[in-house]
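The block underneath contains the structure these notes are about, expressed in structure tokens.
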2 protein chains.
Amino acid sequence: MGKNETFEMELLFRALADRTRLRLLNLMGDDELCVCFFVEILRTNQPKISRHLAYLRRAGVVSARREGKWMHYRIVEPPDEHAARIFSEVRQWLREDLPMQRDRERLVKVCCAPQQPVQLRGAPRPLSLTA
Amino acid sequence: MGKNETFEMELLFRALADRTRLRLLNLMGDDELCVCFFVEILRTNQPKISRHLAYLRRAGVVSARREGKWMHYRIVEPPDEHAARIFSEVRQWLREDLPMQRDRERLVKVCCAPQQPVQLRGAPRPLSLTA
DNA sequence: CTAATATATTCGCCTGAGCGAATGTGAGCG
DNA sequence: CGCTCACATTCGCTCAGGCGAATATATTAG
């Protein structure tokens with residue numbers, strides 16, 4: 001109580017104020033996800049994805065982990081309890097949004113397909129879908 | 001469930017992604033407030049305040065009511081339940097933020113002062129402080 | 001009617017940030 | 001070493017939106 005977090009609030013909301021970034025967060029869900037899947041699901045060019053992921057990273061909203069050539073991104077639980085509750089509500093909201101549901105369905109399809117698209121051969125699949 | 005509200009999410013977060021607008025929402029609290037008080041408390045020029053209030057109005061976050069020469073703004077409860085919960089959490093967060101607390105204290109002082117500043121003579125005081 | 005007051009809008013300037021295209025970088029392989 | 005792959009960054013452009021200054025509008029007073 002009595003903290004000064006106005007700047008942190010602005011930072012969080014700016015990070016959430018973009019459709020592409022909301023789609024990325026939606027795809028991460030509760031697991032880390034490889035960049036190549038974001039590119040595949042959002043059907044856009046790779047630099048655009050990387051730029052938005054960098055934006056989220058600078059805002060402290062996601063973290064990155066390298067595994068050989070691949071980079072995995074995952075959502076970071078905000079340290080502040082208010083931010084955490086807002087974030088949790090956002091994720092619930094995303095779960096109920098139709099276009100977001102379609103993105104997640106496409107992710108499942110792409111990951112579980114017997115024959116993966118050329119760009120994804122050998123890419124590390126998300127844990128939640130392979131376990 | 002299963003709705004498409006991605007655009008509404010973006011709209012909400014863009015509205016919240018600015019320090020001046022957060023300060024305005026903080027001052028509104030649970031009551032409507034007259035524009036002249038925003039100008040007085042934020043110690044800034046009036047057009048800036050009006051522009052941010054217009055932004056909030058376009059985003060559906062506040063509503064305006066005219067009373068003679070004066071305009072009162074108040075927070076609108078978002079119709080969507082997720083938006084409402086996020087908004088409620090934001091207001092709680094604002095309540096605990098130190099700079100925001102100072103703004104509210106200054107509002108109380110200005111409203112309850114025996115001699116109001118010249119700009120505020122005759123301005124309708126917020127209900128919560130006069131009742 | 002005119003004048004004053006409270007608020008809103010417009011204008012010109014500047015920065016942040018989104019975009020596609022091109023280029024840079026780090027890891028693994030032969 | 002050099003090549004490729006996965007990803008990151010930079011460049012040039014465009015546009016949203018923040019700012020102060022000036023102006024417009026609405027209401028009330030006289």
Side-chain angles (χ1 to χ4, degrees), chain A residues 7 10-24 32-59 61-74 116-126, chain B residues 7 10-24 27-28 32-59 61-74 116-126:
Chain A
F7 183 68
E10 276 189 78
L11 205 65
L12 173 63
F13 292 130
R14 273 200 295 267
L16 296 175
D18 179 274
R19 160 169 261 269
T20 301
R21 290 194 288 272
L22 288 173
R23 292 180 75 188
L24 295 175
E32 61 179 14
L33 193 61
C34 178
V35 172
C36 54
F37 286 107
F38 295 122
V39 176
E40 174 71 18
I41 302 300
L42 299 208
R43 296 188 196 281
T44 185
N45 57 66
Q46 173 266 319
K48 172 172 170 180
I49 299 292
S50 271
R51 268 186 269 114
H52 280 290
L53 287 171
Y55 194 114
L56 289 172
R57 192 154 27 82
R58 282 194 301 272
V61 168
V62 306
S63 66
R65 180 180 73 85
R66 180 177 281 282
E67 180 187 344
K69 293 185 291 186
W70 295 280
M71 291 291 282
H72 300 264
Y73 284 81
R74 68 159 59 245
Q116 295 208 323
V118 182
Q119 309 94 319
L120 297 181
R121 298 277 164 74
R125 304 194 190 188
Chain B
F7 182 69
E10 277 190 79
L11 205 64
L12 173 63
F13 292 129
R14 272 200 297 266
L16 296 175
D18 179 274
R19 159 169 261 269
T20 301
R21 290 194 287 272
L22 289 173
R23 291 179 75 188
L24 295 176
L27 286 177
M28 287 181 218
E32 61 180 13
L33 193 60
C34 176
V35 172
C36 53
F37 286 107
F38 295 123
V39 176
E40 174 71 17
I41 301 300
L42 298 208
R43 295 188 197 281
T44 185
N45 58 67
Q46 172 266 322
K48 173 173 168 178
I49 299 292
S50 270
R51 268 186 268 113
H52 280 291
L53 287 171
Y55 193 114
L56 289 172
R57 193 155 24 85
R58 283 195 299 273
V61 168
V62 306
S63 67
R65 180 179 72 86
R66 180 177 282 280
E67 179 188 344
K69 294 185 292 188
W70 294 281
M71 290 291 283
H72 301 263
Y73 284 81
R74 68 159 58 248
Q116 295 211 324
V118 183
Q119 308 94 317
L120 298 181
R121 299 278 162 74
R125 303 193 191 189

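- Counting any heavy atom pair closer than 4.0 Å across all strands shown, B:Tyr73 reaches sugar-phosphate atoms only and no base atom.
- With values rounded to the nearest 0.5 angstrom, A:Arg19 atom CZ is found 12.0 Å from A:His52 atom NE2.
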List, with names and distances, any nitrogen or oxygen atoms from the protein found under 3.5 Å away from nitrogen or oxygen atoms belonging to nucleotides 15-19 of chain C.
unit_1: C:dA17; atom_1: OP1; unit_2: A:Tyr55; atom_2: OH; d: 3.4
unit_1: C:dG18; atom_1: OP1; unit_2: A:Arg21; atom_2: NH1; d: 2.8
unit_1: C:dG18; atom_1: OP1; unit_2: A:Arg21; atom_2: NH2; d: 3.0
unit_1: C:dC19; atom_1: OP1; unit_2: A:Lys48; atom_2: NZ; d: 2.9
unit_1: C:dC19; atom_1: OP2; unit_2: A:His52; atom_2: NE2; d: 2.6

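- Two residues are said to be in side-chain contact when any heavy atoms from C-beta on lie closer than 4.5 Å; B:Arg74 and B:Val62 fail this criterion.
- Contact annotation: side chain of B:Gln46 to base of C:dA8, donor-acceptor pair present below 3.5 Å.
- At distances below 3.5 Å, at least one donor-acceptor pair connects side-chain atoms of B:Arg21 with backbone N or O atoms of B:Arg14.
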For A:Glu40 and A:Cys36: C-alpha separation, side-chain torsions, deciding distance, then whether side-chain contact (heavy atoms from CB on, under 4.5 Å) applies. CA-CA 6 Å; A:Glu40 174 71 18; A:Cys36 54; over 6 Å; no
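- Distance, A:Arg58 CZ to D:dA8 P: 12 Å, rounded to whole Å.
- In this structure the side chain of A:Glu67 reaches within 4.5 angstrom of the side chain of A:His72, judged on heavy atoms.
- One interatomic measurement links the two molecules: CD of B:Glu67 to C1' of D:dT28, which rounds to 13 Å at whole-angstrom precision.
- Separation of atoms CZ (B:Phe13) and CG (A:Leu22) is listed at 7.0 Å; rounding is to 0.5 Å.
- In this structure, CG of A:Leu53 is placed 10 Å from P of D:dC7, rounded to the nearest angstrom.
- In this structure, B:Leu53 CG and B:Met71 CE are separated by 9.0 Å, a value rounded to the nearest 0.5 Å.
- Rounding to whole angstrom units, CZ of residue B:Arg65 and C1' of D:dT27 are separated by 15 Å.
- Between A:Arg66 and C:dG26, a side-chain N or O to OP1/OP2 separation shorter than 4.0 Å is absent.
- Checking D:dA21, C:dG20, D:dC7 against the side-chain heavy atoms of B:Pro47 singles out D:dA21 as nearest.
- In this entry the distance linking NZ of B:Lys69 with C1' of D:dA29 reads 8 Å, nearest Å.
- Following rounding to the nearest Å, B:Phe13 (CZ) and D:dA16 (C1') show an atom-to-atom distance of 19 Å.
- At whole-Å resolution of the value, CD1 in A:Ile49 and C1' in D:dA6 are 14 Å apart.
- Nucleotide C:dT25 holds its C1' atom 12 Å from the CE atom of A:Met71, rounded to whole Å.
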